[in-house]
Amino acid sequence: MEKYIINGGNKLYGSVGIQSAKNSVLPILAAAVLTDGKVEIINVPQISDVKNMVKILSCLGCDAVYEGDNLKIDSSSADSCEIPSALAHELRSSVFLLGSVISRFHAAKIAYPGGCDIGLRPVDLHLTGLKRLGVKITERNGYILCKCDKLVGNEVMLDCPSVGATENIMLAAVKAEGVTVIRNAAREPEIEDLQNFLNAIGAKISGAGSGTIVVEGVKKLTGGQYLPIPDRIEAGTFLIAAAMCGGEVSVEGARAENISSLIHKLRENGCKISMKSDTIILENHKRLTSVKMTETQPYPGFPTDLQAQYTTLCAVCEGHSIITENLFETRFKYVPELRKMGADITVINRNAFIRGVERYKGATVVAHDLRGGAALVLAGLSAEGRSEVIDISHIDRGYSSFEQKLRSIGADIVRITV
Ligand code: EPZ
């Protein structure tokens, strides 16, 4: 088990670079199973979700290896359509492989996926979409068993704009016979990134980023190199850290347009934010004021993956605020930990009612999931005194070199093994 020891109170100054987006790299890795061409993904974060996805690809018979910060995948020898349950349970994105594996083998066997414990996280939309393309699915003893004679393009209407379901159906449709139209598709930047990767290796997809995606089935894909978009959630996390601790921080290699909802909020809170090319600069030297209401929404609304970090900031703003989590049923598990640090937050169903306090007090807290864990680190950085954040393996799933990057801008944080 590992933990962070944090001595709070340092202002943050300097610049941090942003990793390639975790939530782009994961579906792109799944997409690599679709082609016998060699694929190289550039600037891949060394995070445990990616490492587990690489293990799954290896179990399928793909050759997937890190070369420095790049990841080389050769799926030409892929020979298995079964994803080991132990690995499937490790991460949500294991389910994205359904579309690719079915496309390649016309069969797939996978246990229900794992991932952050932030809600029920069903896969019904994934399965309904795959059935529309001709897949026969049975669910037995915790496994999803799929088979089909062939995949045939069709119209798929999603009940809600699910990111994973959109991506899974895109992957299954790439080499299907005919055209697939996905309506009420998710519009996250990572969906557009997946489309761009697939088109770069020979697919014919359009419309990603809008609510309607059209996939024209092709016979064959090639290989190639690809640089995914920067991680907008990592960028937002560092901006919130700077806002809470005070100072001036430049987040380099970030796309401001992908987190415009957060930038708008932080400006309302009183932060000074400027952009130049792919750098976002946040400056703050005072106690922030609260913004009354914030609701998480599918993109381009306020991202659920920044909810914990932003709630943590709101809890030390001047005034009251309400945060509503519309996407996941139980994404406030970090709040009892923040209360140990002095936060005045009451959670009722999907709403967090916040009365801002002056400052957090250092305490020992436990990370329960990826973004909630990152939020506790931010609280510790701005707190008075010493904090410990326990079970930081959750944070390692999505942030590479997290403490190193924070130390490089002045934070007093170390990782220790207990
Ligand atoms: C992706 O998860 C991201 N993960 C999540 O990021 C992110 O929070 C989420 O999208 C929303 O933006 C990856 O990309 C690997 P959804 P996903 O399907 O695909 C319901 C992080 O911290 N739903 O868009 O699982 C679901 O219950 C992670 O990086 C169904 O009802 O999210 C939820 O309420 C956490 N049936 C809503 O849709 C389904 O079949 C949105 O889920 C699928 C989803």
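Keep in mind that the numbers below use all heavy atoms, side chains included, and drop hydrogens, waters and symmetry copies.
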Exercise. Can you check side chain to side chain contact (heavy atoms under 4.5 Å, CB included) on L406 and F238, steps first, answer last?
Worked result: CA-CA 8 Å; L406 287 167; F238 281 108; 3.6 Å; yes
Exercise. When you look at D36 and R104, which way does the salt bridge (Lys or Arg N to Asp or Glu O under 4.0 Å) test go after all the steps?
Worked result: CA-CA 10 Å; D36 284 343; R104 190 176 181 106; 2.6 Å; yes
Problem set entry | Derivation of the side chain to side chain contact (heavy atoms under 4.5 Å, CB included) call for V33 and C62 | CA-CA 7 Å; V33 174; C62 306; 4.2 Å; yes
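Under the 4.0 Å criterion applied to side-chain N and carboxylate O atoms, E190 and K22 are not assigned as salt-bridge partners. Between E388 and R386 there is a salt bridge, with a side-chain nitrogen of the basic residue lying less than 4.0 Å from a carboxylate oxygen of the acidic one. Taking a cutoff of 4.0 Å between a charged side-chain nitrogen and a carboxylate oxygen, D305 and R331 qualify as a salt bridge.
For the residue pair D391 and S393, a side-chain donor N or O sits within less than 3.5 Å of a side-chain acceptor on the partner. The closest side-chain donor-acceptor pair between Y334 and T311 falls under 3.5 angstrom. For the residue pair S400 and Q46, no side-chain donor N or O sits within less than 3.5 Å of a side-chain acceptor on the partner. If you check the side chains of T296 and N326, you find no donor sitting under 3.5 Å from an acceptor. Side chain to side chain, S274 and K272 fail the donor-acceptor criterion of an N or O pair below 3.5 Å.
Using a 4.5 Å heavy-atom threshold, the side chains of Q307 and T294 count as separate. Here the side chains of S94 and P113 are in contact, with some heavy-atom distance below 4.5 Å. Contact check for L266 versus N269: side-chain heavy atoms found under the 4.5 Å cut-off. Between V377 and I392 the shortest side-chain heavy-atom distance does not fall below 4.5 Å.
Distance CD/E188 to OG1/T166: 8.0 Å, rounded to 0.5 Å.
Within 6.0 Å of CG on D124 lie more than 12 heavy atoms contributed by other residues, nucleotides or ligands. For K38, the NZ atom counts as loosely surrounded, since its 6.0 Å shell holds 12 or fewer non-hydrogen atoms of other residues, nucleotides or ligands.
Y399 pairs with exactly one of R371, Q19, E234 by the side-chain hydrogen bond (donor to acceptor under 3.5 Å, both in side chains) rule, that one being R371.
The aromatic rings of H126 and F96 sit parallel, their planes meeting at an angle under 30°, below the 60° perpendicular limit.
A donor-acceptor pair is defined here as one N or O able to donate and one able to accept, closer than 3.5 Å; such a pair exists between the side chain of D74 and the backbone of S76.
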